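This report concerns only the one structure given below.
Each residue takes its place number in the sequence, starting with 1. What you see is a predicted model; the values in this text were computed from it and never measured.
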Amino acid sequence: MEAEATTAPKLALADTDINWDRLDKTKFHVIGAVLFTAQSALLHPTAVVKTRMQVAGARLSHVRGASLFAHILRSDGVPGIFRGFGTSAVGSVPGRVLALTSLEVSKDAVLRHTQGSRIPEASRVGLANAVAGLLSNLVSCVYFVPLDVICQRLMVQGLPGTTYCRGPFDVVRKVVKAEGFRGLYRGFGLTAVTQSPASALWWGSYAAAQHLIWRTLGYKDETGNKPSHMEMVTVQATAGMVAGACSSVITTPIDTVKTRLQVMDNYGSGRPSVLKTAKSLLKEDGWWGFYRGFGPRFLNMSLYGTTMIVTYELIKRLSVQPSSRSFT
């Protein structure tokens with residue numbers, strides 16, 4: 001193990017895929033909290049627009065994302081497009097620690113387990129990242145689903161069918177009072193069952209795409225030619241954008257049902273369910289209703305895929321332990 005730690009950084013592509021053993025864990029999580037919060041601030045307005053489009057009734061179902069953004073800005077000002085951000089930013093920190101740790105540890109374990117196998121390298125890297133993305137999402141769902149319920153309810157304040165809340169704690173109080181603790185986990189099953197494979201798809205396609213792009217550009221570990229920082233950022237951003245765009249096409253219908261299930265309260269008798277929510281959406285707007293908010297979501301996930309992975313890879317490079325950095 002020690003021999004691997006000292007020889008791996010000598011490889012030409014060592015800085016394009018930094019493993020868990022080379023990271024200063026404290027620095028990794030501290031820098032990650034700062035940079036990911038900044039990234040979330042940039043993308044939060046698109047999430048607000050997407051969520052409002054998904055929850056809106058049939059009368060507003062065909063409003064364009066840009067028009068809705070302008071409407072929110074006119075009626076509520078800048079605070080309107082950042083509704084729920086404070087709760088999301090503060091609340092996400094422990095969840096990110098949980099998610100990133102499980103992601104890196106599980107990826108490292110799969111890579112070690114498959115080392116020396118006959119699996120092609122691009123497939124092996126993609127498989128390790130896919131398994132890591134799946135497990136990381138399953139673990140983080142336990143934390144993030146209640147946070148998602150709270151943030152999305154704050155985003156849609158004032159829309160028909162939603163309950164007005166004064167802040168995050170008021171959301172928790174009203175949801176628990178109406179439905180018990182399980183109300184905070186509305187959409188948990190749908191999220192875990194659908195987003196975990198989506199996360200596996202995202203991380204797997206990102207890793208495989210990055211690996212193939214490097215090989216296409218002529219970079220290999222065995223060669224002494226190391227890519228520049230600008231090349232690393234460009235390749236990783238491209239792979240992240242492709243992964244995010246593909247994922248948004250596949251997951252938007254499920255995300256629309258999940259969002260409405262988590263925030264709507266006017267479905268009549270009984271608890272809201274996936275079936276009730278899907279039927280209501282189908283009745284309001286037909287099959288295209290499942291792609292409500294697709295434009296903002298496509299933009300959000302494409303930008304998220306690009307900025308998240310560039311930020312994430314930068315965090316890892318900044319968090320490399322001094323003993324490992326000296327070899328690069």
Side-chain angles (χ1 to χ4, degrees), residues 1-40 92-116 121-122 124-133 135-137 139-140 143 199 202-204 206-211 213-214 219-237 239-240 305-328:
M1 191 73 184
E2 187 174 338
E4 288 178 14
T6 56
T7 58
K10 293 180 181 179
L11 300 175
L13 295 177
D15 283 347
T16 67
D17 191 13
I18 299 167
N19 62 33
W20 183 245
D21 292 337
R22 294 175 59 197
L23 295 175
D24 179 323
K25 311 309 187 286
T26 301
K27 188 182 292 186
F28 175 66
H29 289 305
V30 170
I31 295 175
V34 174
L35 293 186
F36 274 130
T37 299
Q39 182 226 5
S40 297
S92 292
V93 174
R96 284 204 190 99
V97 172
L98 185 67
L100 294 180
T101 300
S102 57
L103 177 75
E104 288 298 326
V105 170
S106 53
K107 180 177 72 173
D108 200 42
V110 175
L111 284 173
R112 284 201 309 270
H113 184 72
T114 56
Q115 192 169 19
E121 189 62 17
R124 189 174 81 92
V125 172
L127 174 65
N129 278 266
V131 170
L135 294 176
S136 174
N137 192 79
V139 170
S140 61
Y143 180 88
S199 178
W202 196 100
W203 283 100
Y206 163 71
Q210 184 188 182
H211 184 90
I213 292 171
W214 285 127
Y219 287 103
K220 295 182 179 179
D221 279 331
E222 294 74 20
T223 64
N225 187 22
K226 291 179 61 175
S228 66
H229 285 293
M230 182 57 68
E231 286 175 310
M232 280 194 280
V233 170
T234 302
V235 169
Q236 290 165 347
T306 304
T307 58
M308 185 278 288
I309 206 62
V310 169
T311 303
Y312 183 61
E313 298 288 4
L314 173 62
I315 292 166
K316 290 174 72 175
R317 284 196 290 274
L318 292 175
S319 304
V320 172
Q321 297 179 46
S323 58
S324 295
R325 187 180 286 115
S326 62
F327 289 102
T328 60

Problem set entry | Parallel, tilted or perpendicular, as decided by the 30° and 60° cut-offs, for the rings of Y206 and W203 |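 It falls in the perpendicular class, over 60°.
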Please report the closest heavy-atom contact between [X] and [Y], naming both atoms and the distance.
| X | Y | answer |
| --- | --- | --- |
| S102 | A99 | OG-O, 2.9 Å |
| L98 | Y143 | CD2-CB, 4.5 Å |
| R124 | L111 | NH1-O, 2.7 Å |
| R96 | S40 | NH2-OG, 2.9 Å |
| G126 | A207 | CA-CB, 4.2 Å |
| D21 | Q321 | O-NE2, 3.1 Å |

Exercise. To the nearest 0.5 Å, what is the distance between NE2 (H29) and CG (D24)?
Worked result: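 Answer rounded to 0.5 Å: 10.0 Å.
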Exercise. How long is the span from the NZ atom in K107 to the CG atom in N19, to the nearest 0.5 Å?
Worked result: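 Atom-to-atom, K107:NZ and N19:CG are 8.0 Å apart.
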Problem set entry | N129 side chain to V125 backbone, donor-acceptor under 3.5 Å |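 Indeed, once roles are kept as given, a pair shorter than 3.5 Å links the two residues.
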Exercise. Quick check: does any side chain N or O of K25 sit under 3.5 Å from a backbone N or O of W20, one acting as donor and the other as acceptor?
Worked result: yes
For this session: Among T311, V93, I31, find the one that has a side chain to side chain contact (heavy atoms under 4.5 Å, CB included) with F36.
Result: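 When side chain to side chain contact (heavy atoms under 4.5 Å, CB included) is applied between F36 and each of T311, V93, I31, only T311 qualifies.
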